[in-house]
Visitor: 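Submitted below is the structure of interest, expressed as structure tokens.
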Amino acid sequence: MTKAGSLLCIDAGNTLVKWCLHDSANVRFEQPFAFFSQATAEFKPFSESFGAVQRYLAPSLNSGHDVRAVLLSNVLGPEFEQSVRSMCGAAGVPMHVLTVNRHAEVQSAYQAPATLGKDRWAACMALSEISKAKVNLLVSLGTATTLDVVVKNACWQHLGGFIVPGVETMLRSLHSNTAELPKVQLDSISTNSWPVSTQQAIGQGVGRMQKAMVDSVVAQLQSEYGIPPAIWLTGGFASAMQAQLPQATLLEYAVFKGLVLDYRLAQKGAAA
């Protein structure tokens, strides 16, 4: 059994680096305390031994919460990981890095598992802990929208998935690459009526494109398995998109939940 002590969980994403403290490895992650986030661009260059990583993350590491370990889900490459590792070494705190296919309980069919986005994998791990459905579609709505299929057989299996431009990426692209189209806020996305303004045309169009992608995968899974999949939404735009997908369930803090589960299983395996 692991000793008591907080876990500093870090989700290093394309747009934001988010981190929080979690009570203990013995407790399933529900809600974070001492949650923080910072634009990823502010952490660059990652190659510096500490740099912004130390400036933003070190106060949490030395917060007086008796941090037992630092848990990292990282899509920013080896330089960011090394910077966090240097910080942990200076503080004398061990570091746990999320790795795909570490545990027999959850496995991915990816041809090269190391290339699967760690945020996607952490979310799949989180889903495996809470879902009661045999067939699941996990939709992460961030800078990119990712759709991952996770099914329960002898173990939880990630079959693969899709990556398409995210909601904000689509909205920004239309504004940046045209002469007169406005930048539309996400709250312009609705399904109430035919669009009667340019803002509505963009907002509802992007929302429908995102929904259509989800619907196409749902239809394929229902055809293959004979049952509708459970749909889970996570990521920064999940709440806004739930109006388009009312049958879906929000999976909040999915990366943090998956990180804590991955660490707990690793500790269990080490103690066996």
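Hydrogens, waters and symmetry mates are skipped; everything else that's a heavy atom, side chains included, is used.
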Visitor: Any chance you could measure Lys18, atom NZ, to Cys9, atom SG, to the nearest 0.5 Å?
Guide: 12.5 Å
Visitor: Side chain of Ser223, backbone of Ala219: donor and acceptor closer than 3.5 Å?
Guide: no
Visitor: Take atom CD in Gln247; do more than 12 heavy atoms of anything else shown fall under 6.0 Å from it?
Guide: yes
Visitor: Can you check whether Ile202 reaches Leu171 side chain to side chain, under 4.5 Å on heavy atoms?
Guide: yes
Visitor: Between Ser86 and Gln82, does a side chain to side chain contact (heavy atoms under 4.5 Å, CB included) hold up when you go through it step by step?
Guide: CA-CA 6 Å; Ser86 296; Gln82 183 54 48; 3.4 Å; yes
Visitor: Do side-chain atoms of Glu42 reach the backbone of Gln38 as a donor and acceptor pair under 3.5 angstrom?
Guide: no
Visitor: Can a donor-acceptor pair be found between the side chains of Trp232 and Asn136 at a distance below 3.5 Å?
Guide: yes
Visitor: Quick check for you: to the nearest 0.5 Å, what is the distance between Glu105 atom CD and Glu129 atom CD?
Guide: 11.0 Å
Visitor: Using the side chain to side chain contact (heavy atoms under 4.5 Å, CB included) rule, take Gln210 and Met241 through it: C-alpha gap first, then chi angles, then the decisive distance, then the call.
Guide: CA-CA 9 Å; Gln210 296 283 323; Met241 282 298 299; 3.6 Å; yes
Visitor: Under a 4.5 Å cut-off applied to non-hydrogen side-chain atoms, are Met125 and Trp156 in contact?
Guide: no
Visitor: Spell out, yes or no, whether Val206 and Val164 are grouped together once hydrophobic residues are joined by side-chain heavy atoms under 4.5 Å, including indirect joins.
Guide: yes
Visitor: Can you find a pair of side-chain heavy atoms, one from Val17 and one from Leu76, that are under 4.5 Å apart?
Guide: yes
Visitor: Ignoring hydrogens, what is the shortest heavy-atom contact between Arg55 and Pro59? Give both atom names and the distance.
Guide: O-CD, 3.5 Å
Visitor: Between Cys20 and Phe29, is there a side-chain heavy-atom distance shorter than 4.5 Å?
Guide: yes
Visitor: Hey, could you give me the OG/CZ distance between Ser216 and Phe162, rounded to the nearest 0.5 Å?
Guide: 6.5 Å
Visitor: When rounded to the nearest 0.5 angstrom, what distance separates CE in Met209 from CE in Met170?
Guide: 4.5 Å
Visitor: Taking the side chain as everything from C-beta on, heavy atoms only, tell me whether Val84 gets closer than 4.5 Å to Met95.
Guide: yes
Visitor: Tyr110 versus Arg120: any side-chain heavy-atom pair under 4.5 Å?
Guide: yes
Visitor: For the residue pair Tyr263 and His22, establish whether any side-chain heavy-atom pair is separated by less than 4.5 Å.
Guide: no
Visitor: In Å, rounded to the nearest 0.5 Å, how long is the span from CG of Leu137 to CG of Asp215?
Guide: 10.0 Å
Visitor: Do Glu168 and Thr143 pair up side chain to side chain, a donor and an acceptor below 3.5 Å, judged on atom types alone?
Guide: no
Visitor: Tell me whether Leu16 shares a hydrophobic cluster with Leu98, the cluster being built from Ile, Leu, Val, Met, Phe, Trp, Tyr side chains joined at under 4.5 Å.
Guide: no
Visitor: When rounded to the nearest 0.5 angstrom, what distance separates OG in Ser6 from CZ in Phe33?
Guide: 4.0 Å
Visitor: Applying the 4.5 Å side-chain criterion to the ILVMFWY set and letting contacts propagate, would Leu159 and Leu221 be lumped into a single cluster?
Guide: yes
Visitor: Hey, would you say the Tyr56 and Phe36 ring centroids sit under 6.0 Å apart?
Guide: no
Visitor: Check whether Thr169 reaches the backbone of Pro165 with its side chain - one donor and one acceptor, N or O, closer than 3.5 Å.
Guide: no
Visitor: Below 3.5 Å, can you tabulate the donor-acceptor pairs from side chains in residues 248-261 to any protein atom, sequence neighbours excluded?
Guide:
{"from": "Lys257", "atom 1": "NZ", "to": "Glu252", "atom 2": "O", "distance (Å)": "3.1"}

Visitor: Report whether Phe35 and Leu7 are members of the same hydrophobic cluster (ILVMFWY, side-chain heavy atoms less than 4.5 Å apart, transitive linking).
Guide: yes
Visitor: With a 4.0 Å cut-off, would you call Arg28 and Glu30 a salt bridge?
Guide: yes
Visitor: With a 4.5 Å cut-off on side-chain heavy-atom distances among I, L, V, M, F, W and Y, is there a chain of contacts connecting Ile227 to Val214?
Guide: yes
Visitor: Give the intermediate values and the outcome of side chain to side chain contact (heavy atoms under 4.5 Å, CB included) for residues Asn74 and Glu81.
Guide: CA-CA 7 Å; Asn74 174 36; Glu81 179 181 327; 3.8 Å; yes
Visitor: Between Ser108 and Asn101, does any side-chain donor sit less than 3.5 Å from a side-chain acceptor?
Guide: no
Visitor: Are side-chain heavy atoms of Val70 and Arg85 found at a separation under 4.5 Å?
Guide: no
